[in-house]
*Asks:* 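My questions all concern the structure below.
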Amino acid sequence: MTGRAIDADFPATNSALFVEDRLRKATLAGLILLNVFDVVLHVAIDRAEPIRITGNTLIILAAAFSIFSTSISNGRRAVAVGLIGYVGLNAWFVLQSGIGPVGVGLIAITSAISGIYLLRARSD
């Protein structure tokens with residue numbers, strides 16, 4: 001047996017698309033981990049701010065939806081809506097209470113990763 005019948009049943013995937021899909025999912029997984037870390041940090045230092053945690057939850061849900069979505073455009077829309085909610089809630093919190101440098105950094109990193117994801121997903 002030469003293996004040709006097996007190869008015909010399982011055609012080779014386009015490796016560039018495979019890598020791009022894995023990179024997209026890894027980026028979203030990193031976004032989820034960053035925001036889970038942010039929530040855990042809030043709770044650990046006894047500063048569980050509901051507005052910020054709601055923002056984290058929005059971006060976590062949006063990224064998770066995007067990972068499991070069969071449509072890149074639907075996933076992109078979910079991340080865009082999640083990012084708008086995340087930035088809006090965090091801006092509201094900052095205007096009400098102010099924020100320290102760690103919070104600014106986490107918000108900036110989440111916003112930057114989400115924005116870069118949206119720009120890359122748009123070109124697909």
Side-chain angles (χ1 to χ4, degrees):
M1 179 180 244
T2 64
R4 289 186 184 158
I6 293 172
D7 292 341
D9 291 337
F10 300 100
T13 59
N14 182 333
S15 61
L17 291 177
F18 179 78
V19 169
E20 183 65 30
D21 182 60
R22 293 294 178 213
L23 182 59
R24 179 181 68 81
K25 289 181 179 182
T27 301
L28 292 167
L31 191 59
I32 291 170
L33 290 174
L34 175 66
N35 281 277
V36 167
F37 169 77
D38 194 11
V39 170
V40 169
L41 182 63
H42 280 96
V43 173
I45 64 172
D46 200 28
R47 298 208 45 192
E49 298 129 348
I51 296 170
R52 292 209 49 223
I53 291 175
T54 301
N56 292 116
T57 303
L58 282 175
I59 203 77
I60 289 167
L61 292 173
F65 175 84
S66 186
I67 287 172
F68 294 107
S69 178
T70 57
S71 166
I72 291 177
S73 63
N74 286 342
R76 186 179 66 231
R77 270 189 223 105
V79 172
V81 169
L83 180 59
I84 290 167
Y86 174 82
V87 169
L89 287 169
N90 279 288
W92 180 30
F93 178 81
V94 169
L95 291 173
Q96 284 185 335
S97 306
I99 196 166
V102 173
V104 169
L106 290 168
I107 292 168
I109 292 168
T110 293
S111 299
I113 292 170
S114 300
I116 290 166
Y117 168 78
L118 290 171
L119 290 173
R120 292 208 30 92
R122 191 180 84 201
S123 66
D124 291 342

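In this chain, numbering begins with 1 at the start of the sequence shown. Below, each value reflects all heavy atoms present in this structure, side chains not excepted, and no hydrogens, waters or symmetry copies.
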*Asks:* Would you check if the side chain of R24 reaches a backbone N or O of S66 as a donor-acceptor pair within less than 3.5 Å?
*Replies:*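 Judged by distance alone, yes, a pair lies under 3.5 Å.
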*Asks:* For the residue pair S114 and I59, what are the closest heavy atoms and their distance?
*Replies:*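 Reported closest heavy-atom pair: OG-CD1, 3.7 Å.
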*Asks:* Supply the atom-to-atom distance W92 CH2 to I51 CD1, rounded to the nearest 0.5 angstrom.
*Replies:*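 Here the interatomic distance stands at 4.0 Å.
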*Asks:* Which pairs count as salt bridge (charged side-chain N to carboxylate O under 4.0 Å, His left out) when at least one residue sits in residues 87-113, sequence neighbours excluded?
*Replies:*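 Of all non-adjacent pairs touching residues 87-113, none passes salt bridge (charged side-chain N to carboxylate O under 4.0 Å, His left out).
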*Asks:* According to salt bridge (charged side-chain N to carboxylate O under 4.0 Å, His left out), does anything in residues 88-105 pair up with another residue at least two apart or in another chain? List the pairs.
*Replies:*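 For residues 88-105: none.
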*Asks:* Taking V87 as the fixed residue, which of L89, I84, L83 is the one that meets the side-chain contact (heavy atoms from CB on, under 4.5 Å) rule?
*Replies:*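 Of the listed residues L89, I84, L83, the side-chain contact (heavy atoms from CB on, under 4.5 Å) partner of V87 is L83.
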*Asks:* Please round to the nearest 0.5 Å and tell me the distance separating atom CG of L23 and atom CG of L28.
*Replies:*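 Rounded to the nearest 0.5 Å, the CG-CG separation comes out at 9.5 Å.
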*Asks:* Is there a chain of hydrophobic side chains (I, L, V, M, F, W, Y, each step under 4.5 Å between heavy atoms) that links Y117 to F37?
*Replies:*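 They do share one cluster, since a chain of ILVMFWY contacts under 4.5 Å joins Y117 to F37.
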*Asks:* When rounded to the nearest 0.5 angstrom, what distance separates CD1 in I45 from CG in L41?
*Replies:*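 Answer for the CD1-CG pair, I45 versus L41, is 5.0 Å.
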*Asks:* Mind jotting down which residue pairs meet the salt bridge (charged side-chain N to carboxylate O under 4.0 Å, His left out) criterion with at least one end in residues 30-39? Sequence neighbours excluded, please.
*Replies:*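 Residue pairs with at least one partner in residues 30-39: D38-R52.
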*Asks:* Side-chain heavy atoms nearer than 4.5 Å, only ILVMFWY residues, links allowed to pass through others: does that put V81 and L119 together?
*Replies:*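 No; tracing contacts between hydrophobic side chains, which count when under 4.5 Å, never links both residues.
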*Asks:* According to a 4.5 Å side-chain heavy-atom criterion applied to Ile, Leu, Val, Met, Phe, Trp and Tyr, with indirect links allowed, do Y86 and I32 form part of one hydrophobic cluster?
*Replies:*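 In one cluster: yes.
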*Asks:* In terms of hydrophobic clusters joined by side-chain contacts under 4.5 Å, are I67 and L33 together?
*Replies:*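 In one cluster with I67: L33, no.
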*Asks:* Measuring from atom CG of L31 to atom CD1 of I113, what distance do you get when rounded to the nearest 0.5 angstrom?
*Replies:*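 L31 CG to I113 CD1: 6.0 Å, rounded to 0.5 Å.
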*Asks:* With sequence neighbours excluded, what pairs up with A48 under the side-chain contact (heavy atoms from CB on, under 4.5 Å) test?
*Replies:*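 Scan of A48 (side-chain contact (heavy atoms from CB on, under 4.5 Å), adjacent residues dropped) gives V43, I53.
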*Asks:* Sequence neighbours excluded, which residues qualify as side-chain contact (heavy atoms from CB on, under 4.5 Å) partners of N74?
*Replies:*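 Applying side-chain contact (heavy atoms from CB on, under 4.5 Å) to N74 gives F65, S69, S71, R77.
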*Asks:* Please list every donor-acceptor pair under 3.5 Å in which a side-chain atom of residues 97-112 meets a protein atom from a residue at least two apart or in another chain.
*Replies:*
| from | atom 1 | to | atom 2 | distance (Å) |
| --- | --- | --- | --- | --- |
| T110 | OG1 | N35 | ND2 | 3.3 |
| T110 | OG1 | L106 | O | 3.1 |
| S111 | OG | I107 | O | 2.9 |

